[in-house]
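Note that the structure is predicted; figures quoted are calculated from it, not measured.
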Amino acid sequence: MTFTIAFDGDPAEADADARELREFLQRDGALRGRIEQRLVPPAPGEQGGLADAVRYAAELGPLVLPPLTLWLTARLRRGGKVALTLHRPDGGELKLETESIADANALLDRLEEYLAPEGAGPR
């Protein structure tokens, strides 16, 4: 069972964010080698696919949350819109979208609640 963090919006921006997030998560020793990149097949006549998401095993959830929140905060500080959808193995999903660092705390609270292990709080 896997969690998926999918990036929405412009394909080139989604590709850049997905690749950057995977690289950032891989820096954590406990996550190194355990984060997958999801690629969208190339369109007819194009070479190579674009990344649109990162995936990781459900049991890694508590380990992913701290570096994910650091990456999201840093990404918002650079400016521009961040739009992503998190998919839990149980089929639940959470959409996050903002252009403002001022929204970061509210987004991070929603993210933490969503990724909390079962029984650890409201969903």
Side-chain angles (χ1 to χ4, degrees):
M1 296 197 320
T2 61
F3 273 94
T4 302
I5 303 170
F7 289 86
D8 306 318
D10 176 74
E13 289 177 15
D15 178 73
D17 281 343
R19 290 177 188 277
E20 181 183 305
L21 176 58
R22 179 177 181 268
E23 182 180 311
F24 189 83
L25 293 174
Q26 293 279 36
R27 291 180 192 161
D28 185 299
L31 299 174
R32 192 169 296 121
R34 300 173 83 183
I35 306 295
E36 297 176 4
Q37 196 80 70
R38 184 175 78 182
L39 297 175
V40 176
E46 293 183 2
Q47 293 184 348
L50 294 175
D52 75 335
V54 296
R55 292 188 284 209
Y56 58 92
E59 65 268 13
L60 297 177
L63 299 174
V64 169
L65 187 58
L68 176 57
T69 58
L70 285 173
W71 178 85
L72 185 57
T73 301
R75 174 62 181 78
L76 288 170
R77 284 192 177 123
R78 285 198 317 260
K81 182 168 124 181
V82 175
L84 50 92
T85 305
L86 293 95
H87 302 272
R88 281 195 311 244
D90 66 6
E93 70 176 38
L94 173 68
K95 289 186 175 285
L96 299 176
E97 184 174 331
T98 188
E99 293 183 45
S100 170
I101 188 67
D103 295 337
N105 286 337
L107 287 179
L108 296 176
D109 287 345
R110 289 179 59 205
L111 180 63
E112 186 171 359
E113 181 180 307
Y114 180 78
L115 293 177
E118 288 187 41
R123 287 200 170 220

At their closest point, which heavy atom of [X] faces which heavy atom of [Y], and how far apart are they?
| X | Y | answer |
| --- | --- | --- |
| Arg38 | Ala6 | NH2-CB, 3.7 Å |
| Met1 | Pro89 | CB-CB, 3.7 Å |
| Pro11 | Leu50 | CB-CD1, 3.7 Å |
| Leu63 | Ala30 | CD1-CB, 4.0 Å |
| Leu25 | Leu68 | CD2-N, 4.0 Å |
| Leu31 | Pro67 | CD1-CG, 3.9 Å |

Could you give the distance from [atom1] ([X]) to [atom2] ([Y]), rounded to the nearest 0.5 Å?
| X | Y | atom1 | atom2 | value |
| --- | --- | --- | --- | --- |
| Glu59 | Thr2 | CD | OG1 | 10.0 Å |
| Leu107 | Glu112 | CG | CD | 13.0 Å |
| Asp52 | Asp17 | CG | CG | 11.5 Å |
| Phe3 | Leu60 | CZ | CG | 10.0 Å |

Q.
Same cluster or not: Val40 versus Val54, using hydrophobic residues (I, L, V, M, F, W, Y) connected whenever any side-chain heavy atoms lie under 4.5 Å apart?
A.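 No, Val40 does not connect to Val54 through the hydrophobic network.
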Using a 3.5 Å distance criterion without hydrogens, assess whether the side chain of [X] forms a donor-acceptor pair with backbone atoms of [Y].
| X | Y | answer |
| --- | --- | --- |
| Arg75 | Lys81 | yes |
| Arg32 | Gln26 | yes |
| Glu97 | Leu84 | no |
| Arg34 | Tyr56 | no |

**Q.** Ile101/Thr73 under side chain to side chain contact (heavy atoms under 4.5 Å, CB included): CA gap, chis, key distance, verdict
**A.** CA-CA 7 Å; Ile101 188 67; Thr73 301; 4.2 Å; yes
Q. So, Arg27 and Glu23, do they make that salt bridge, N to O below 4.0 Å?
A.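 Salt bridge flag = yes for Glu23 with Arg27.
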Q | With sequence neighbours excluded, residues passing side chain to side chain contact (heavy atoms under 4.5 Å, CB included) with Thr85 | A |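 So Thr85 forms a side chain to side chain contact (heavy atoms under 4.5 Å, CB included) with Asp8, His87, Glu93, Lys95.
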Q: Quick one: sort the Trp71 and Phe7 rings into parallel, tilted or perpendicular, breaks at 30° and 60°.
A: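 The rings of Trp71 and Phe7 stand perpendicular, inter-plane angle above 60°.
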Q. In this structure, which one of Leu86, Asp103, Ile5, Val82 forms a side chain to side chain contact (heavy atoms under 4.5 Å, CB included) with Leu96?
A.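 Option passing the side chain to side chain contact (heavy atoms under 4.5 Å, CB included) with Leu96: Leu86.
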